[in-house]
Visitor: 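Quick one: the structure is below, questions incoming.
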2 protein chains.
Amino acid sequence: MHKKQLLYFFTIIVLLNQLVAAEITTVRMQNNKLPTIKEIAKKLNVSVSTVSRALHDHPSIGLVTTMRVHKVAKELGYEVNKSAIYFKERKTYTIGVIIPSLAEPFFSSALCGVEDFAGQFNYNVIIGQSLDSFEREKRIVENMKDHRVDGILVSLTKETSTYEHFDNLKKYNIPIVFFDRVPQKKDIHFVSCNLHSGMLQAISRFVDAGHKKIGLINGPAKMAATLQRLEIYFKCLKENNLPINYDIIASTTLSKDDNIKAIRKLIDQDEMPTAVMVFNDYVLLDCIATVKAAGLEVNKDISFISFANLPIWEYMDTRPLASIEQFSYKQASIATDFLFKLIDANNKGDHTEVNYLQQIIDSEMVNYPLK
Amino acid sequence: MHKKQLLYFFTIIVLLNQLVAAEITTVRMQNNKLPTIKEIAKKLNVSVSTVSRALHDHPSIGLVTTMRVHKVAKELGYEVNKSAIYFKERKTYTIGVIIPSLAEPFFSSALCGVEDFAGQFNYNVIIGQSLDSFEREKRIVENMKDHRVDGILVSLTKETSTYEHFDNLKKYNIPIVFFDRVPQKKDIHFVSCNLHSGMLQAISRFVDAGHKKIGLINGPAKMAATLQRLEIYFKCLKENNLPINYDIIASTTLSKDDNIKAIRKLIDQDEMPTAVMVFNDYVLLDCIATVKAAGLEVNKDISFISFANLPIWEYMDTRPLASIEQFSYKQASIATDFLFKLIDANNKGDHTEVNYLQQIIDSEMVNYPLK
DNA sequence: CTGTTAGCGCGTTCAT
DNA sequence: ATGAACGCGCTAACAG
């Protein structure tokens with residue numbers, strides 16, 4: 001016991017001496033490049049590996065040495081150069097997110113979900129806006145591959161219908177998880193939102209309110225979401241024993257002009273629909289303006305339910321009966337979770353090809369009380 | 001002439017032979033790690049430096065060798081590992097953007113500006129949401145420093161009033177450019193938006209419309225923008241020969257409850273203001289709802305002008321006379337431009353401390369026609 | 001307990 | 001025209 005105490009005492013004396021000595025020679029090298037373990041090693045006349053280990057408090061290094069190293073490191077303002085480590089580990093602790101547009105709340109909220117989740121794992125997120133251009137999407141994928149991101153999350157452009165640019169990533173062991181706008185394939189990891197639950201709630205709500213002619217304003221033909229909406233619309237009509245009537249189905253390319261044309265097609269007829277499912281809230285905004293301009297009263301002459309559940313409705317005087325929430329934040333969070341699972345599997349060299357991670361969450365109708 | 005042609009002819013024969021030979025032995029190593037120049041070198045019995053040069057079409061390498069290298073590289077699916085290069089160059093071709101929240105259109109549009117601009121330079125953008133938490137901001141800065149980003153763009157949290165965590169980056173030669181929410185310091189690079197131009201337009205518009213009592217709903221006391229708005233408000237009143245009246249000045253922490261309290265303070269008095277400058281469009285949304293609920297008519301009993309110029313107003317029935325646009329996209333683009341200038345200077349070792357890059361752009365009032 | 005060596009992938013002198 | 005050797009910053013296997 002006494003011996004041990006003595007040892008500690010002695011150690012402290014030694015340390016103090018060194019510390020003082022060190023402080024005197026402190027000449028911070030503010031000149032240019034950052035201090036490295038090599039410099040610490042030189043200053044202390046020890047090897048770089050000793051420094052490395054000391055910095056990590058490796059048990060095999062003596063207390064005295066460890067403390068001296070820490071001291072000098074601090075003096076020099078040393079901080080580990082992670083890019084060296086990343087390089088060595090062949091990892092970047094960065095994931096890429098490719099979304100059509102940051103300007104759309106749906107996607108910025110998704111990005112939010114990714115960022116929140118990734119942040120907890122000390123992962124960085126790099127972003128790429130495809131702006132719904134297939135070419136840009138390809139470029140971004142290439143770029144992210146070049147940067148050797150550890151994984152990629154993607155919501156497809158409206159134009160994307162081939163997926164070679166993604167398959168190519170397999171070679172680099174870069175896992176990829178799709179969300180919301182996902183490929184029509186089975187051999188992928190993805191999270192998407194099932195529109196049936198929400199749309200069924202919507203159509204039923206219309207039916208319960210006595211509506212018989214329930215129209216649809218759909219999106220661009222090439223978008224997967226469009227076909228999906230149409231099928232589900234038919235299905236929901238059937239489930240409510242309503243006939244299909246192509247006169248009350250319109251579509252839009254999502255441009256303002258087209259949105260207006262679409263709703264005009266529906267209301268400019270004798271037997272106009274009294275209720276309409278609308279592709280999304282943006283289209284609906286144009287529809288409402290058009291309907292009003294035509295002298296019709298929303299929620300009386302014609303009722304709407306659309307997709308998106310934008311926060312703005314809360315402040316609008318005229319709003320739909322409801323909107324169908326697709327949980328972009330949640331979708332993105334789950335997708336990120338999937339991605340980390342895949343990255344983990346990669347790290348462990350788990351090449352037993354994990355089963356495809358897939359999840360389809362239910363959409364949900366959110367009612368807006370009448371004002 | 002003839003000799004040269006012969007040489008070419010011969011060369012081609014040789015190449016063809018090799019190509020065929022190579023194709024036969026093509027056994028793509030799909031197993032695990034990516035091909036490197038070393039493997040190409042081994043396969044061709046040349047040195048890595050030769051491969052490296054050939055890949056860059058260095059003139060000193062013979063045509064034949066160059067083509068063989070390219071051929072094998074293609075077969076192996078070789079692609080340069082940029083993280084090795086980044087590591088060597090001590091660069092990452094990545095910039096960080098720190099913003100309070102992705103959910104706010106103002107900031108997501110700013111991010112958009114950064115992304116667009118950075119994309120043109122083949123730079124990547126990593127994001128960090130401070131969520132208006134000083135602690136988070138500090139953590140994100142640390143994290144970005146660890147990742148050795150080449151530069152950082154920041155819009156401060158509402159809480160930030162000390163800047164040591166940024167000063168610290170100087171040591172790492174990581175330039176910083178602030179935008180919109182900038183520090184109250186002189187020795188920084190920044191882009192911000194001058195509210196005076198827009199507010200003066202607004203107050204003048206009110207005055208022209210005959211308003212004498214022009215109130216103000218301001219933001220949280222600790223936000224720089226708040227003090228600024230107050231000063232400019234006073235200045236604009238003065239410029240229009242209007243007296244200062246503290247009864248028609250309120251403030252809010254930006255929570256919904258507080259927004260409502262603020263507008264209530266103004267309208268629950270005998271001599272209520274007939275026009276009000278509002279901190280931003282979000283606050284105004286609550287104000288409008290409150291005012292209506294109180295039985296007042298917007299743009300008749302009371303008029304508003306606020307800051308933000310949200311796109312939603314286009315679709316609203318009740319909206320302010322105007323909103324003051326602060327050009328987040330433009331601010332962010334300029335800030336990114338500044339950042340690249342600084343990064344460039346860094347690359348050239350220009351340590352002559354470039355003058356501080358600073359720009360203040362004018363805000364602008366955007367009128368909304370009455371519906 | 002500590003030092004030596006090797007290697008991650010690439011570009012770059014400096015020789016040859 | 002080509003190769004050998006070095007270095008970027010760090011970790012780790014191996015050798016005392």
Side-chain angles (χ1 to χ4, degrees), chain A residues 7 11 14 29 32-69 72-73 76-93 145-148 150 172-173 347, chain B residues 7 11 14 29 32-70 73 76-93 145-148 150 172-173 347:
Chain A
L7 177 61
T11 302
V14 171
M29 44 162 315
N32 203 342
K33 49 203 56 168
L34 275 27
T36 68
I37 51 172
K38 198 191 284 182
E39 271 135 49
I40 301 181
K42 210 182 302 169
K43 205 154 232 152
L44 253 38
N45 269 317
V46 296
S47 75
V48 288
S49 38
T50 300
V51 174
S52 171
R53 284 184 281 233
L55 253 18
H56 292 289
D57 291 315
H58 193 285
S60 76
I61 300 293
L63 176 61
V64 179
T65 313
T66 302
M67 294 202 65
R68 289 174 70 205
V69 168
V72 173
L76 257 41
Y78 169 83
E79 302 206 31
V80 58
N81 181 340
K82 292 210 179 166
S83 46
I85 299 178
Y86 297 160
F87 163 56
K88 201 173 153 54
E89 289 185 330
R90 290 196 202 76
K91 298 215 3 155
T92 56
Y93 295 95
K145 185 210 64 194
D146 280 351
H147 274 253
R148 293 285 203 272
D150 295 341
Y172 298 87
N173 261 319
N347 290 347
Chain B
L7 179 60
T11 303
V14 171
M29 46 163 311
N32 202 343
K33 48 204 53 167
L34 276 26
T36 68
I37 51 172
K38 198 192 285 182
E39 271 134 50
I40 302 181
K42 212 181 301 170
K43 203 153 236 153
L44 252 39
N45 268 320
V46 295
S47 73
V48 288
S49 34
T50 301
V51 175
S52 171
R53 283 184 283 236
L55 253 17
H56 292 288
D57 290 314
H58 194 287
S60 77
I61 300 294
L63 175 60
V64 180
T65 312
T66 302
M67 295 204 62
R68 291 175 68 206
V69 168
H70 273 122
L76 258 41
Y78 169 82
E79 303 208 30
V80 58
N81 181 341
K82 291 209 179 165
S83 49
I85 298 176
Y86 297 161
F87 163 56
K88 206 170 150 52
E89 289 184 332
R90 292 196 200 76
K91 297 215 4 154
T92 55
Y93 294 96
K145 184 209 67 196
D146 280 351
H147 273 253
R148 293 286 202 271
D150 294 341
Y172 298 88
N173 263 319
N347 289 347

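Order of the sequence lines sets the chain letters (A, B, ...), proteins ahead of strands, with each chain counted from 1.
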Visitor: If you assign each of Ile85(A) and Pro59(B) to its closest nucleotide in DNA chain D, which residue comes earlier from the 5' end?
Guide: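 The residue mapped nearer the 5' terminus is Pro59(B).
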Visitor: Distance check needed: dG3(D) C1' versus Lys42(B) NZ, whole Å only.
Guide: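 These atoms are roughly 17 Å apart.
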Visitor: State which of dT4(C), dG9(C), dA4(D) makes the closest approach to the side chain of Ser47(A).
Guide: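 Among the listed nucleotides, the one closest to the side chain of Ser47(A) is dT4(C).
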Visitor: From the list dC10(C), dC10(D), dC8(D), which nucleotide is the closest neighbour of the side chain of Ala84(B)?
Guide: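 The listed nucleotide nearest to Ala84(B)'s side chain is dC10(C).
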Visitor: Can you find an N or O donor on one side and an acceptor on the other, under 3.5 Å apart, linking the side chain of Thr65(A) with the base of dT2(C)?
Guide: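 Counting by modelled atom types and ignoring angles, no donor-acceptor contact under 3.5 Å is found here.
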Visitor: Roughly how many Å is it from CD1 in Ile37(B) to C1' in dC10(C), rounded to a whole number?
Guide: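 For the pair Ile37(B) CD1 and dC10(C) C1', the rounded distance is 5 Å.
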Visitor: When you compare the side chains of Tyr86(A) and His147(B), does any donor N or O come within less than 3.5 Å of an acceptor on the partner?
Guide: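 Side-chain D/A pair, Tyr86(A) to His147(B): present.
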Visitor: For Lys82(B) and dG11(C), what is the distance between atoms NZ and C1' respectively, to the nearest whole Å?
Guide: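 Distance check: Lys82(B) NZ to dG11(C) C1' gives 15 Å.
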Visitor: Is there a side-chain contact between Thr50(A) and the phosphate of dT2(C), meaning an N or O under 4.0 Å from OP1 or OP2?
Guide: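 Indeed not, no polar side-chain atom of Thr50(A) lies that close.
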Visitor: With respect to the phosphate group of dG11(C), does any side-chain polar atom (N or O) of Ser52(B) fall under 4.0 Å of OP1 or OP2?
Guide: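 Yes.
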Visitor: Base, sugar-phosphate or nothing for Thr36(B)? Non-hydrogen atoms, less than 4.0 Å.
Guide: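 Contact class for Thr36(B): sugar-phosphate only.
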Visitor: Given atom CG of Asn81(A) and atom C1' of dC8(C), what is their separation to the nearest angstrom?
Guide: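 It is 14 Å, rounded to the nearest whole Å.
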Visitor: Which nucleotide wins on minimum distance to the side chain of Lys88(A), given the candidates dG9(D), dC10(C), dT2(D)?
Guide: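 In terms of side-chain proximity for Lys88(A), the closest of dG9(D), dC10(C), dT2(D) is dG9(D).
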Visitor: Determine the minimum heavy-atom distance between Arg53(A) and Ser60(A), stating which atoms define it.
Guide: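 Heavy atoms only, the tightest pair is CD-OG, 4.3 Å.
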Visitor: Kindly give the heavy-atom pair with the smallest separation between Ser83(A) and Arg148(B), and that separation in Å.
Guide: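 It is OG-CG, 4.0 Å.
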Visitor: Please determine which of Leu34(A), Leu55(A), Val72(A) meets the side-chain contact (heavy atoms from CB on, under 4.5 Å) test together with Tyr78(A).
Guide: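 Between Tyr78(A) and the candidates, side-chain contact (heavy atoms from CB on, under 4.5 Å) is satisfied uniquely by Leu55(A).
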Visitor: Just N and O in the side chain of Tyr78(A): are any of them under 4.0 Å from OP1 or OP2 of dC10(D)?
Guide: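 Tyr78(A) to dC10(D) OP1/OP2: side-chain N or O found under 4.0 Å.
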Visitor: I want to confirm an ordering. Mapping Arg53(B) and Val80(B) to their closest nucleotides on DNA chain C, which one lands closer to the 5' end?
Guide: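 In this pair, the answer is Val80(B).
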Visitor: dG3(C) C1' sits how many Å from Lys38(A) NZ, rounded?
Guide: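 Between C1' of dG3(C) and NZ of Lys38(A): 16 Å.
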Visitor: Whole Å only: how far is the CG atom of Asp146(A) from the P atom of dG9(C)?
Guide: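 Rounding to the nearest Å, CG of Asp146(A) and P of dG9(C) are 16 Å apart.
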Visitor: Can you check the Phe87(A) CZ to dG7(C) P distance for me, whole Å?
Guide: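 Rounded to the whole Å, the gap is 14 Å.
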Visitor: Rounded to whole angstroms, how far apart are NE2 on His58(A) and P on dT2(C)?
Guide: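 Rounded to whole Å, this separation is 12 Å.
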Visitor: Counting distance only, does the side-chain N/O of His56(A) pair as donor-acceptor with the main-chain N or O of His58(A) below 3.5 Å?
Guide: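 No.
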